[in-house]
Amino acid sequence: MSNSVYSINKGINQSIEFKGLKAQYIWYLGGVVVGLMILFAVMYIIEIPSLICIAFIGASGAFLVFKIYGMSNTYGEYGMMKALARKQIPKWIKVYSREVFTKL
């Protein structure tokens, strides 16, 4: 019998990561790129000078890429969903009668 060598895939059940972007932030960056391409096309069609179009798209694209990378580093894979869920929890619950506590 010959010995077989198998490689072990240690990345099972890990979230996808692409150049530092984790999980859903890859989709956000893709959406930003597609949105900026559509915005450039619209600006070009309505005959805004091309240098102004390129400057605006470049500046807003750089800002949004840095913002998305910042969110990815700050919140991680699930942190932004947890932060948004935490904002929906009420800070106080007001009860005006004792009936809630006396029910069995």
Side-chain angles (χ1 to χ4, degrees):
M1 287 202 190
S2 66
N3 291 336
S4 298
V5 177
Y6 297 104
S7 63
I8 299 173
N9 185 1
K10 295 184 180 180
I12 295 175
N13 291 335
Q14 295 290 325
S15 64
I16 58 173
E17 184 173 343
F18 178 73
K19 295 193 183 260
L21 288 177
K22 299 175 189 86
Q24 73 270 17
Y25 301 103
I26 297 170
W27 295 106
Y28 296 161
L29 186 64
V32 163
V33 169
V34 170
L36 287 175
M37 286 173 36
I38 292 170
L39 181 63
F40 178 80
V42 168
M43 290 172 68
Y44 189 76
I45 288 171
I46 61 173
E47 296 180 359
I48 295 176
S50 61
L51 287 177
I52 294 174
C53 293
I54 292 171
F56 179 74
I57 296 298
S60 58
F63 172 74
L64 290 171
V65 165
F66 285 123
K67 192 73 170 166
I68 289 173
Y69 267 98
M71 287 190 316
S72 177
N73 291 334
T74 301
Y75 295 117
E77 184 178 356
Y78 299 113
M80 190 169 69
M81 289 183 278
K82 289 180 183 179
L84 292 174
R86 190 175 295 126
K87 287 181 182 180
Q88 294 180 352
I89 297 174
K91 295 187 190 288
W92 298 282
I93 298 175
K94 294 181 181 181
V95 178
Y96 294 107
S97 74
R98 293 185 184 194
E99 185 177 338
V100 175
F101 300 108
T102 58
K103 285 184 180 179
L104 294 178

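This one's a predicted model, so the numbers in the text were calculated from it and none came from an experiment. Only this structure's heavy atoms are used, side chains among them; waters, hydrogens and symmetry mates stay out.
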Given side chains that start at C-beta, do those of I57 and M43 come closer than 4.5 Å, heavy atoms only?
yes

Should we say atom CZ of F56 is surrounded by more than 12 heavy atoms from elsewhere, each under 6.0 Å from it?
no

Closest non-hydrogen atoms of G61 and L36, given as atom of the first, atom of the second and distance, are CA-CD1, 3.4 Å

Please work out which of the three classes, parallel, tilted or perpendicular, describes the rings of Y25 and Y28, given edges at 30° and 60°.
perpendicular

Residues, nucleotides or ligands: over 12 heavy atoms within 6.0 Å of I46 CD1:
yes

Enter the distance from I52:CD1 to Y44:OH here, rounded to the nearest 0.5 Å.
13.5 Å

Spatial distance of atom NZ (K19) from atom CD1 (I26) [nearest 0.5 Å]
11.5 Å

Between I54 and L64, is there a shared hydrophobic cluster once you connect ILVMFWY residues whose side-chain heavy atoms come closer than 4.5 Å?
yes

Should F63 and V32 be counted in the same cluster of Ile, Leu, Val, Met, Phe, Trp and Tyr side chains packed under 4.5 Å apart?
yes

L29 CG to K67 NZ distance, which is reported to the nearest 0.5 Å
14.5 Å

Grouping I, L, V, M, F, W and Y whenever their side-chain heavy atoms are under 4.5 Å apart, do L39 and I48 come out in a common cluster?
yes

Should we say atom OH of Y75 is surrounded by more than 12 heavy atoms from elsewhere, each under 6.0 Å from it?
no

Separation between CZ of F40 and CD1 of I45, rounded to the nearest 0.5 Å
10.0 Å

